[in-house]
Structures are given as structure tokens and as C-alpha cells.
There are 2 protein chains.
Amino acid sequence: MRNILIIEDDTDIAELITYNLQKAGYKTHHAVNANEGLIILGEVACDIILLDLMLPGLKGMEFLKIIRSNDEYSNIPVIIISAKTHEQDIISGLNTGADDYLPKPFSMEMLLAKINTILRRGASWTGRAANILEYQGIKLDDANHKVYVDGREIKLTHKEYELLRLFLSNPDTIFSRDRLLNSIWGYDSQSYTRTVDAHIASLRKKLLSYGDVIISVSKTGYGLK
Amino acid sequence: MRNILIIEDDTDIAELITYNLQKAGYKTHHAVNANEGLIILGEVACDIILLDLMLPGLKGMEFLKIIRSNDEYSNIPVIIISAKTHEQDIISGLNTGADDYLPKPFSMEMLLAKINTILRRGASWTGRAANILEYQGIKLDDANHKVYVDGREIKLTHKEYELLRLFLSNPDTIFSRDRLLNSIWGYDSQSYTRTVDAHIASLRKKLLSYGDVIISVSKTGYGLK
DNA sequence: TAATTTTGTAAAATAAATGTAAAAAACCCC
DNA sequence: GGGGTTTTTTACATTTATTTTACAAAATTA
């Protein structure tokens, strides 16, 4: 499922967009300002960003510049949504690195058409930084969705694959179970059970001799050694 | 140098665009109607197409559909330029496979910003497939549109053939159902049913003892073993 | 160290995705 | 427009994946 990050301080608009995107089968994440957007980007591998320009605090264009100069995020497509509709605004948005510019007000149909247009092209860039991730004898080829241990391919289930990819893309981070549930499962874990632990266990087993590169930090979560 | 194909019957506009694009360092090609456009596409590997919708003869949208359902050209980005500026025109243009839509009149600066935005993504790769593809006992002769299993010809339907060719040309890739729908069927594959699976099943059956070289990766898609 | 909490893990229960045949619909070629 | 073919949809069987459970083991706390 595709993750879409909505950065928009007007919660009415954000909710409207959220409602429609979810209906269209997307997973949405909402930030009310740029800093919150950056935090979510750190937690969730987003496929597209909808960016309002008029934000409190860090402005939309500043955010866009940060994104575009950051290795990990520079490939994520950005659609600007803004009440500024002058030609010069649009041109400067595009030239700063946005992929499209949608003047407010806009119809949901138009928004969906633009999202689909961009994602259609997206087969070749996955919204994630590197296509091949390596860690010790583990190699993850994201374009081809394959994982190798010491050069030998192993078969992972989808959740195991997502976990491994998240760890490999953030080798220094310890992820709490909540954060893992948010990034990979996509819901708030109200009464959490042992789901994450079970998947970690089976992933470790499939990684054979590298199973112990995934460490658990008591009361904190999981991450790479 | 990037090649840009301009399909526009109004020669004044075409000349204006040509002048500005050349000044910006692009190589331009001009067609006054869709058929001429097709001829140029056959001769020049174009990186982007600017398409006027109101053309004499074959209409712009028809041309777009042809492009998008042709293996060789389907990846070339298309920007529609048109005097039709109603929301529904734009949406239907995007959903037919255009990458952007520029209402007339437009400024050269805007056109250049849009062209640069699209080319920045480097979307243009005109991968020309080999003429004969082989994988284990399967042989696909693309020039003659024939498929052999252990030297014996088998009859495939068009969709089966396209699937097989896509797999054989990308033996390491696992294709999601969405991507298969995009590549082989067309773009607005909204409500997908089990179409892809059904075709995979019949293709497997026709491949006889090699049916299981097409593997399914749960929640991910299909590809070669 | 004992009590408590947290994590590991196998296996059962549940849920979801895929395989497949066949009916229905669409397409195509006289 | 009719007859054959291809494509899509449907329904159900089968397989695979995910979640939950229960208990063991390890870590943390007091």
C-alpha cells in the first residue's frame, strides 16, 4: 500500500483529503507543520508528499528545499497544494523541486488524477533512498524485492521483508514496537499483542547466521546491532 | 541532448515553442499532425512529447492512447497543451496517460519549468527488447511473435504473450499486479479484480512443464523463478 | 536473590492471498 | 449480426501469511 504524507495546518482540509485518499486505497499520514512532517518521514517510508505552502513555523518552500537536499528523501515526489495561484508561485515551486502544483481550491478528482499520474511513473523510483541495502552478509534488493544471505536468496513474507528493509535503511535506529506498527502495519496499536515479536522471531530465523544482527533492547524495541 | 517532439498544427505556436526550447538547449522536432508525430517517433528517440489536443485528422487524445498502449513509446512523458481548460478536460487528459497538462495560453517559463520537472525524474528510457528471449526451455521470438516450449510452438493469446515477454525481458524483477496492469493493460486500472491472476494461470498451463517458472510472491506480485 | 516484567518461540487459530474452473462479457472477423 | 475467440468476472478450493496464545527463558527491578 502506498503511503502519502499530508503536510497541512488546516485540519478540515487535511481531513477531507485523508478521507478521500483512504477511500482510494492509500495510507495517509498527517502533519500539521513541517517539523512534524520531517518526523513522520523518519518513521514511514512515504511514496508521495502533499505539501501546503502556508505553514506556521518552517515554511513550505523551506521544507521542500530540505527534502530535496537530503539524500534519503530527495527522491520522494512532492505535490504542492497552495492558495498562491500566481504563475510565478507555480514556477518557483516547480523549480524548487516540486513535481506538481495544485492551486486551491481543487477537486478531489483532480488531486487523485495528479497523484495517480505521478505514481504511475513511480515504478522506477520507489520513494526510498537506496535500491540495494547491505548489512554484513545481508543484501536487500528493493527494486527486485529480493533478499540474499551470503549471496543465497532467502524467501521472506511481506511483513518480514518490510521489517528488514526498515532496519537496513535505518541501521542506527532502535524502533519501538509502536513505531514499527505505525510504519509497517499502519494503525495505532491500542491493545498490542505480540505480533511484532513473532515476526521478528521468524525473520531472525530466516536470516540464519545473521539472525542476531537484529537486537532487542529491553523495554525499547528492535534495531540493528 | 534531449529530444522534444512538438505536435501542434498551429505553426506560429510551434515556432515560438521551438525557438524557446532550442534557446534552452533542447533539440526539437515538429509534427503538424498525429500521423507525422508517429513517423518522427519511429525515427528519433524522443525524451518528451508536447501534444496539442485539437489536431486535424487523428485527434490528440487518440494519439495519446496509441502511444500509451505501444510498448516502445509508452514510457515517453507527454505534456498536453490545449485550449480546453475545463477541469474535466484536464482530469481526462491525465487519466489517459499524460504526465502534465498545460492550458493555453501559457508562458515559456511555465513550459520550461514543467519540462524540467519531468525530465528531472529521468523518466525516459527507451529500452528496446531483444528479438529472441530464452529462459530454460522457453523461447520467445518477438519478431515473429511466436513462442516455443522445448522447441515446440505454443499458441498464446495476446495478453499471455505480453506477460511472458515482460517476464522474460526482466527475469529478475517481481512485478506487482498494479505494475502489470499499467504495463500491459493501460493506466486507470482502478478496481482491479482477478484479471491478472487468471491470465497468469492460463499462461502457466500453456507453458506445460515450465509453468512453475512463473512464481508468485505473496502480496507482491509475479515474476520468474 | 526473589519477584516482576519483558522477550523468545512454537504452535494453534484466524485471516488473507492465490489457484482454478467455468460462466459472463467483450471483442473480432468475416 | 453470428460464431468463434479472448478477456474479465465470479465463486469456491487451496495455500500461505498473520495474529494470537501459552509457556519458557531472559532481563530488570527491588
Side-chain angles (χ1 to χ4, degrees), chain A residues 1 25 27 145 147 154-167 174-208 210-225, chain B residues 65 69 145 147 154-167 174-225:
Chain A
M1 189 183 281
K27 196 151 100 190
H145 211 271
V147 178
I154 59 169
K155 295 282 174 204
L156 298 184
T157 70
H158 190 242
K159 290 277 191 286
E160 290 158 7
Y161 179 88
E162 298 263 304
L163 278 169
L164 183 61
R165 187 179 55 191
L166 192 59
F167 289 143
I174 302 295
F175 291 87
S176 72
R177 290 174 178 72
D178 268 359
R179 219 170 133 187
L180 292 172
L181 282 169
N182 273 320
S183 292
I184 295 174
W185 277 259
Y187 48 77
D188 303 297
S189 58
Q190 20 256 44
S191 64
Y192 106 82
T193 55
R194 308 296 308 290
T195 307
V196 173
D197 305 61
H199 283 274
I200 293 283
S202 59
L203 173 57
R204 277 174 171 155
K205 200 151 45 168
K206 289 190 182 172
L207 290 177
L208 305 170
Y210 296 97
D212 63 356
V213 304
I214 298 173
I215 55 169
S216 70
V217 179
S218 191
K219 304 190 74 165
T220 308
Y222 295 101
L224 288 188
K225 186 152 58 181
Chain B
K65 281 182 198 161
S69 58
H145 213 272
V147 178
I154 59 170
K155 293 284 175 204
L156 297 184
T157 70
H158 187 242
K159 291 276 191 286
E160 290 157 6
Y161 179 88
E162 296 270 303
L163 277 170
L164 183 61
R165 188 179 55 185
L166 191 58
F167 289 143
I174 303 296
F175 292 87
S176 72
R177 290 174 179 72
D178 267 359
R179 213 172 141 189
L180 292 173
L181 283 170
N182 275 325
S183 302
I184 295 175
W185 275 260
Y187 353 91
D188 33 62
S189 52
Q190 21 243 55
S191 63
Y192 111 83
T193 52
R194 308 293 309 288
T195 308
V196 173
D197 305 61
H199 284 272
I200 293 283
S202 58
L203 173 56
R204 277 175 172 155
K205 202 150 43 170
K206 289 189 182 173
L207 290 176
L208 305 171
S209 60
Y210 296 98
D212 63 356
V213 304
I214 298 174
I215 56 168
S216 75
V217 179
S218 188
K219 297 193 79 165
T220 306
Y222 294 101
L224 288 189
K225 186 152 59 180

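If you measure from atom CG of A:L156 to atom C1' of D:dA17, you get 13 Å, rounded to the nearest angstrom. Between the C1' atom of C:dG19 and the CG atom of B:D212 lies a distance of 14 Å, rounded to the nearest Å. Between A:K205 atom NZ and D:dT18 atom P the separation is 15 Å, expressed in whole Å. To the nearest angstrom, C1' of C:dT7 lies 16 Å from NE2 of A:H199. In this structure, CG of B:L181 is placed 14 Å from C1' of D:dT9, rounded to the nearest angstrom. With rounding to whole Å, B:K219 atom NZ is found 16 Å from D:dT16 atom P. For the pair A:D197 CG and D:dA24 C1', the interatomic distance rounds to 14 Å; values are reported in whole Å. A:I214 has its CD1 atom 15 Å from the C1' atom of C:dT9, to the nearest Å.
Listed here is the closest heavy atom pair of A:K27 and A:I184: NZ-O, 3.6 Å. Listed here is the closest heavy atom pair of A:E160 and A:H199: CG-O, 4.3 Å.
At D:dT18, none of the side-chain N or O atoms of A:W185 fall inside 4.0 Å of OP1 or OP2 (strictly under the cut-off). Side-chain N/O atoms of B:S202 include none lying less than 4.0 angstrom from OP1 or OP2 on C:dT20. Residue A:S216 places no side-chain N or O under 4.0 Å from the OP1 or OP2 atom of C:dT6. Distances shown here put every side-chain N or O of B:T157 at or beyond 4.0 Å from the OP1 or OP2 atom of D:dT5.
When heavy atoms are screened at a 4.0 angstrom cut-off, A:V217 is found touching the sugar-phosphate backbone but no base atom.
With values rounded to the nearest 0.5 angstrom, B:S176 atom OG is found 9.5 Å from A:H145 atom NE2. Atom CG of A:L180 and atom OG1 of A:T195 lie 11.5 Å apart (nearest 0.5 Å). Atoms OH and CG, on A:Y222 and A:L203 in that order, are 11.0 Å from each other to the nearest 0.5 Å.
Comparing atom distances between the A:S218 side chain and each of C:dA17, D:dT20, D:dA27 picks out D:dA27 as nearest. Nearest to the side chain of A:T195, among C:dT6, D:dT9, D:dT20, sits D:dT20. Nearest to the side-chain atoms of A:A201 among the listed nucleotides C:dT7, D:dT19, C:dT9 stands C:dT9.
For C:dG8, its base sits under 3.5 Å from the side chain of A:R194 at one donor and acceptor pair at least.
Each of B:A198 and B:K206 was assigned the nucleotide of DNA chain D with the nearest heavy atom; the assignment lying further toward the 5' end belongs to B:K206. Each of B:Y222 and A:T220 lies near DNA chain C, and the nucleotide nearest A:T220 is the one positioned closer to the 5' end.
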